[in-house]
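Take a look at the structure below.
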Amino acid sequence: MDEIQPLLDDLNGNLYSNVGGFYDKFFAAKPWSPEADRIVQTLSTNGSGEGEGVEFPTPRSRRSFLDWVSSIQSDLPSGIQSAFGTSYAIDLPAILLASGTTEDSESDGVDDYQSRMWADDAQVIGEVSNAEEEAYQASLLRLFGYAREVFRAQPDRRFLHGFQITLRPFLAELWVFDRFGLYCDEPLDLENHGQRQRFVTALAGYTLMSDSELGLNIFVQQDRLLAARYVRIREYDASRRAEKAKLYLQEPAIASPEGILARGRPTCYRARGSRSGRDASDVVVKFAWRLATARPEKKLLEIVTDRRVWGVSHLLVVQELERTASMHEGLRIGPPRSLAFQTLAAGGGGFNTHSAGVDINDEGHAPLNDWVLDCVVVSPYGRPLQQFGTAIELLLALRDVVKAHHSLYFDGKILHRDISMDNIIIPDGDGENTPKGMLINLHVALDLESEVVDPNRQVGTQPFMAIGLLEGKPHTYRHDLESLFYVLLWAVVCRGSDIPPQDSRLREWIRPGAGFGELARIKEADMSEHEFALITAEMPSGEFEAVKTLTDELRCILFRPSDGGISTGMNTEAPDTLYGDMACAFDDAITALDMS
């Protein structure tokens with residue numbers, strides 16, 4: 001757990017404890033409840049259901065409790081799809097429910113999951129801590145870290161179950177993690193036999209839940225014969241014939257959220273409508289969450305097609321899969337909380353109320369937005385920009401993105417507003433009119449014919465946001481072109497990595513906790529002649545010498561340096577002039593590379 005502070009920064013304000021209706025929603029009155037009750041009865045004193053219920057081992061220790069979890073495998077029904085495994089390692093979940101059984105393992109269940117890619121198969125994660133020996137919060141943070149690993153390994157997952165047990169005091173918390181928050185039930189006092197029964201019922205329930213109840217994306221199905229996953233899309237095939245077709249997903253995902261929370265980032269897969277056949281074209285299947293009240297990306301993608309925009313991905317089909325309103329139905333969720341560094345006490349949680357910036361309704365609850373999960377299929381497939389192979393491939397891609405943005409702005413009457421590394425691809429194909437680089441993801445784009453820029457809303461990806469945007473100015477086409485300039489710098493300095501090297505000046509552009517105003521001052525200073533030379537000095541030599549010359553020229557085109565200062569405002573000339581100057585600068589650098 002080397003990333004404690006970033007994990008806290010990511011999750012605080014999205015933690016919800018003592019959620020009402022939690023147990024009833026996930027564990028009560030289910031089709032499998034009679035079988036869960038039978039398991040609990042079997043585990044009760046003397047196996048007869050008589051006495052005072054399930055007894056945990058004594059003396060109470062982490063090892064004895066994990067041994068008890070391993071021992072209950074024999075009392076689980078035959079034919080279940082999941083099995084418990086346990087681990088004493090500090091860097092693995094103490095208790096893991098994994099899909100399927102490990103027939104090739106030397107032990108029962110998944111007891112040997114330490115040697116496996118555990119997060120790939122995890123269905124439920126559990127952590128056990130002795131509060132006398134370690135802080136409750138440290139153990140809870142480990143649980144959150146494990147949840148993050150599961151979402152990274154299974155990025156199209158809808159939600160994940162988990163639980164946390166402390167031995168002193170003897171308490172259990174049941175958790176659910178989804179792309180918008182982390183939720184837990186009121187702590188269960190395991191000294192109380194009634195609450196102990198509820199916890200063991202939950203353990204049994206985990207092994208009996210359906211894929212949907214476990215949080216899997218059931219829209220994605222498994223072709224066991226081909227050992228591949230697919231989605232079935234209505235009215236789609238590569239030639240637009242109206243039929244129901246399978247799109248096979250190629251693993252791993254080509255893009256997905258970094259952590260548990262979606263943060264506006266979709267999960268994308270390369271996919272093909274046929275597992276074989278040279279005429280089958282590759283597409284992108286994207287699982288994306290959007291606000292229910294927001295304009296769907298589908299509408300802008302339809303405009304792109306209707307207005308024949310060049311260099312922007314095209315929509316094939318979109319299907320709505322789920323809403324958070326139904327996922328959270330029956331839950332009474334209060335205001336968000338932040339993790340507090342204090343020992344867990346009986347009857348309470350290790351949280352402090354954190355209401356800053358949260359609207360509390362009349363009942364004292366923080367209203368949660370309703371989000372919609374869409375499956376969007378777009379064409380064509382392309383490699384992420386950071387996977388460029390040579391300097392000339394990078395420059396060809398970004399030159400065509402300048403042209404694509406021009407077409408989107410003038411032909412489509414759309415302003416993209418999020419030019420970033422994640423939103424540019426290098427498509428397959430080498431046709432004469434095939435773009436070498438394309439724009440994707442119009443989820444925050446603006447239809448200039450029907451929408452207006454909200455001056456109070458700043459959108460974009462932080463390291464690539466223009467200085468004027470960071471200062472709160474309305475979004476313009478020039479800001480998008482400035483963002484493209486930052487993408488070029490980032491791509492060359494980072495060379496395939498998501499973040500700059502440790503000693504790079506670009507690290508300041510993602511400084512944790514820095515506000516927009518501070519980031520604007522940092523970036524404006526970096527665009528001065530002296531500071532900018534330090535950034536270009538980080539670029540590799542050889543074929544990238546021409547790129548250094550290009551970045552100097554683009555800096556002059558965009559910022560018009562004079563008397564030691566720069567201008568970050570709108571250019572006085574017509575928009576076509578700025579687009580043309582940037583495209584010509586790219587062409588000159590490409591020609592220089594061709595001749596070298």
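For the pair K403 and F586, the cation-pi criterion (under 6.0 Å, within 45° of the ring axis) is not fulfilled. R307 forms no cation-pi arrangement with Y409, by the criterion of a distance under 6.0 Å to the ring centre and an angle within 45° of the ring axis.
The shortest heavy-atom contact between P380 and P427 is CG-CB, 4.1 Å. Taking both residues in full, the closest heavy atoms of A491 and L394 are given as CB-CD1, 4.0 Å, listed atom of the first, atom of the second, then distance. A533 and T536 make their closest contact through O-OG1, 3.0 Å (heavy atoms, listed as atom of the first residue, atom of the second, distance). The two atoms that bring I260 and D178 nearest to each other are CG2-O, 3.5 Å, heavy atoms only. For the pair A228 and Y248, the tightest heavy-atom approach, listed with the atom from each and the gap, is CB-CD2, 3.9 Å. Across M327 and F159, no two heavy atoms sit closer than the pair CE-CD2, 4.0 Å.
Taken from CG in L385 to CE in M421, the straight-line distance is 4.5 Å, to the nearest 0.5 Å. Distance CG/D411 to CZ/R308: 11.0 Å, rounded to 0.5 Å. Here the CZ-CG distance, from F287 to L373, works out to 7.5 Å after rounding to the nearest 0.5 Å. A distance of 8.5 Å separates CD in E553 from CG in D581, rounded to the nearest 0.5 Å. Taking CG of L301 as the reference point, atom OG of S313 lies at 5.5 Å (rounded to 0.5 Å). Atom CD in Q458 sits 5.0 Å away from atom CZ in F516 (nearest 0.5 Å).
S504 is not listed as a side-chain neighbour of W509, based on a closest heavy-atom distance of 4.5 Å or more. Counting only heavy atoms from C-beta outward, the side chains of D526 and F532 never approach each other to under 4.5 Å. Residues V492 and K548 form no side-chain contact, since every pair of their non-hydrogen atoms from C-beta on lies 4.5 Å or further apart. Two residues are said to be in side-chain contact when any heavy atoms from C-beta on lie closer than 4.5 Å; I233 and F219 meet this criterion. Counting only heavy atoms from C-beta outward, the side chains of Y381 and Q250 never approach each other to under 4.5 Å. Side-chain contact check for F388 versus L396: every heavy-atom pair is 4.5 Å or farther apart. Within the 4.5 Å cutoff, side-chain heavy atoms of L143 are placed close to those of W175. At a threshold of 4.5 Å between non-hydrogen side-chain atoms, the residues H314 and V309 do not count as touching.
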Please walk me through it: do D418 and N441 pass side-chain contact (heavy atoms from CB on, under 4.5 Å)?
-> CA-CA 8 Å; D418 191 16; N441 291 339; over 6 Å; no
Evaluate the side-chain contact (heavy atoms from CB on, under 4.5 Å) criterion for residues L484 and H479: first the C-alpha distance (whole Å), next the side-chain angles of each, then the deciding distance (0.1 Å), finally the verdict.
-> CA-CA 9 Å; L484 182 68; H479 293 138; over 6 Å; no
Step by step, work out the side-chain contact (heavy atoms from CB on, under 4.5 Å) result for V220 and Y230.
-> CA-CA 6 Å; V220 180; Y230 67 90; over 6 Å; no
Could you check R229 against E251 for salt bridge (Lys or Arg N to Asp or Glu O under 4.0 Å), going step by step and ending with a plain yes or no?
-> CA-CA 9 Å; R229 300 195 307 152; E251 310 284 358; 2.7 Å; yes
Please step through side-chain contact (heavy atoms from CB on, under 4.5 Å) for the pair R157 and N217, ending with a clear verdict.
-> CA-CA 5 Å; R157 192 179 192 101; N217 184 349; over 6 Å; no
Audit row: E297, K286, salt bridge (Lys or Arg N to Asp or Glu O under 4.0 Å) steps and yes/no | CA-CA 12 Å; E297 183 186 19; K286 177 168 69 172; 2.9 Å; yes
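In summary, the aromatic rings of Y183 and H328 are positioned with their centroids under 6.0 Å apart.
Aromatic ring orientation, F144 versus F177: perpendicular (interplanar angle above 60°, classes split at 30° and 60°).
A side chain to side chain contact (heavy atoms under 4.5 Å, CB included) with W289 is found for exactly one of H443, R179, R323, namely R179. In summary, of the residues considered (L506, T461, I419, I467), a side chain to side chain contact (heavy atoms under 4.5 Å, CB included) with Y486 occurs for I467 alone.
D400 and K436 are not joined by a salt bridge, as no carboxylate oxygen comes within less than 4.0 angstrom of a charged side-chain nitrogen. Salt-bridge formation is detected for the pair R158/E322: a Lys NZ or Arg NE/NH1/NH2 atom is positioned less than 4.0 Å from an Asp or Glu carboxylate oxygen. Under 4.0 Å is where a charged nitrogen must lie from a carboxylate oxygen, and between R152 and E149 at least one such pair does. For the pair R521 and E524, the salt-bridge criterion is not met [side-chain N within less than 4.0 Å of a carboxylate O].
Annotation: E529, atom CD; neighbour count of heavy atoms from other residues, nucleotides and ligands within 6.0 Å does not exceed 12. Counting heavy atoms of neighbouring residues, nucleotides and ligands inside a 6.0 Å radius, atom CD1 of I218 does not exceed 12 of them.
Screening residues 376-387 for salt bridge (charged side-chain N to carboxylate O under 4.0 Å, His left out), with sequence neighbours left out, gives R383-E393.
Between the side chain of D370 and the backbone N or O of A325, at least one donor-acceptor pair lies under 3.5 Å. Proximity of a side-chain donor or acceptor of R507 to a complementary backbone N or O of P500 within less than 3.5 Å is detected. With hydrogens and angles ignored, the 3.5 Å screen pairs no side-chain donor or acceptor of R511 with any backbone N or O of L519. Formation of a donor-acceptor pair under 3.5 Å by the R478 side chain with backbone atoms of L558 is found in this model. A donor-acceptor pair is defined here as one N or O able to donate and one able to accept, closer than 3.5 Å; such a pair exists between the side chain of S528 and the backbone of A525. Side chain of N423 to backbone of L439: no donor-acceptor contact under 3.5 angstrom is found. Between the side chain of K523 and the backbone N or O of M465 there is at least one donor-acceptor pair closer than 3.5 Å.
Residues that satisfy the salt bridge (Lys or Arg N to Asp or Glu O under 4.0 Å) test with R265, not counting sequence neighbours, are E258, D422.
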